[in-house]
Structures are given as structure tokens and as C-alpha cells.
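A quick write-up on the structure given underneath.
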Amino acid sequence: MFEILEFHFFQNALLCALLTSVACGIIGVLAMINRLLSLAGGITHGAFGGIGIGFYFALPLVFSTSIFTLLLALIVAFLTHRYPHRSENIISVIWAFGMALGLLFLDLSPGYKNDVMGYLFGNILATSDDDLILLFVCDCVFVLLVLIFYRQFEALSFDYEFAKVRGVNVVLLYYLLVMMIALCIVLSIRVVGLILVIALLAIPCFIAESFTKRLGSMMVVSVLLSLFICLSGLFLSYFYNLTSGASIIMVASLAFGICVGIRVAIAKCKFL
């Protein structure tokens, strides 16, 4: 069992799981509390356009996907803030636009596109040293931003109008949060891929909410749950020769089902 830990690629996978858990645990809670998970889903699928552009112009895929996704996030933030009652329509359009653009660029790209499946469904075992450095730097940025703007994020998350009254620049904070969500999505591609990343953002924070209602505590619990889910899925994929991204999300889905079952049982007990 432990001989696999001697391999460099598996060590990288473990570190990737840890660093990605920090990003998803923090950003997932902020996205959930601010009801931005549907927006995150739109950005996630829209990011496929960056993958297609990277293939067509022979660019580093992390670079092209990051730039495209951040630009897409700015557009989404502007439109959803300007037209809040039509946010679902805007998200649907962005979702479809990014996927269609990515497919068109892939059709036009010459050669065999063997890396596409890894970006769609994830391949944590292919994590490189450069990926880990990028993840570490971005994690530090996320933690630093949350520490600096913790009170502002807390006010924005739980009482938007109160935050405005207190003089919080809610518009700037909203743009910053959407950009952080977009960057977190790109970072999580290596673990579970574009198709499944929204589950890694949503499930741990949903479970964490059962343990605490405080924003900071919820982030810590969500990070720990994300790490447990990623490591469990990683070892499961190793022992049974399964796809790592799908294994991670299946573990997350099982945890989600157990949490929902417990919540329903508790609610029925209280009712009785």
C-alpha cells in the first residue's frame, strides 16, 4: 500500500489534493453563502473556450484557460450586477458560448488532441511541479485576500444591504469574489476537470454548513472535508484502477448523500 508514496508523481498528486482543497474550501464557502454557485457553474463550462483557444494557438493550456476564464468572469460579473434579475439567462448564455467556442477551436486545431479528456474530467496524477507552484501561490493570494477583507466578505455574505450602509464597496468586492471563483475553477481543473469541478466547490461547503454557521469556521471545516474527499478518491482510484477525478466526485457525492440523509432524519425527529 505505502510503496506508491515513494513515487514522485503520487507525491505531487497528494500535494495537489491539499492545495486544491484549500482553494475550494475557502472559495466554495464564499460562493455558497453569496448564492454564486450557479454563476460558478456557468464560468466553469464557459472556461472550455480557453482550452480550445490554447489548442488552436498552441499556447500553454493553463495560461490560455486562466486568461480566458478571468475575462469571462469580468463579463459575467458586470452583466449579472447590472441585470441581477436576469442572471440565470446571462449565465446560460456564457455557459453555451464558452462550450461552443471551445469546440469550434478544437475542430479547427490540427493534430491529435489527447489532453482534452484530462482537462474535461481531470487527471490529478499528471500534476507537475509547475502546477504545484501555481497552486501554492494562488492559495497564498486567496488566504491573504480573505484575511484582509474578512469583515467585508462577512458583511457582504450575510447582509448585503447592511454592508452597503456600513460603507463597504460591495461592487468591488463582488467583482473580486467572482474573479477568485474563476481562478479557483482553473486551479481545480487538474484534480477533477471542468465537468466535475462544481461538485468539489459545492459539496464540502454544504456539509460544512451542518457543523457551523460562522464564516471562518465554515471555511476551515470545508477545507478539511475537501482534503478528505480528494485523498479518499485518489487512493480509491489507485486501488481499483479508476479515473481519479470521477472517484473523487463519487466520494463527495456519497458524503453529500449521507449528510442529506442525516439532516432529513434530524428534521423528522424534531417534528415528532
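Below, all heavy atoms of this structure are taken into account, side chains as well, without hydrogens, waters or symmetry copies.
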Considering non-hydrogen atoms only, spot the tightest contact between [X] and [Y] and give its length.
X    : Y    : answer
T20  : L187 : OG1-O, 4.4 Å
L225 : P204 : CD1-O, 3.5 Å
C16  : L135 : SG-CD1, 3.8 Å

For atom CE of M32, is the number of surrounding heavy atoms from other residues, nucleotides or ligands below 6.0 Å larger than 12? yes
Flag yes if more than 12 heavy atoms outside F63 fall under 6.0 Å of its CZ atom; otherwise flag no. no
Any idea how H81 and Y174 line up, ring-wise: parallel (<30°), tilted (30 to 60°), or perpendicular (>60°)? tilted
Measure the acute angle between the ring planes of F153 and F149, then classify it against the limits of 30° and 60° as parallel, tilted or perpendicular. perpendicular
Nearest-0.5 Å distance that lies between atom [atom1] in [X] and atom [atom2] in [Y]:
X    : Y    : atom1 : atom2 : result
I203 : C259 : CD1   : SG    : 10.0 Å
D139 : L132 : CG    : CG    : 10.5 Å
L106 : L101 : CG    : CG    : 9.5 Å

Which of V264, V260, I258 passes side-chain contact (heavy atoms from CB on, under 4.5 Å) with I262? Answer is I258
Is there a donor-acceptor contact under 3.5 Å from the side chain of [X] to the main chain of [Y]?
X    : Y    : value
S64  : G50  : yes
T212 : R214 : yes
S237 : L234 : yes
D131 : S128 : yes
S232 : I229 : no

I want to check something: taking the side chain as every heavy atom from C-beta on, are [X] and [Y] in contact at a cut-off of under 4.5 Å?
X    : Y    : value
L125 : Y238 : no
M179 : L70  : yes
V178 : I43  : yes

Assess the pair F235 and F10: is the distance between their ring centroids shorter than 6.0 Å? yes
Going hydrophobic residue to hydrophobic residue with side-chain gaps under 4.5 angstrom, can you get from F55 over to V62? yes
Report whether L145 and I185 are members of the same hydrophobic cluster (ILVMFWY, side-chain heavy atoms less than 4.5 Å apart, transitive linking). yes
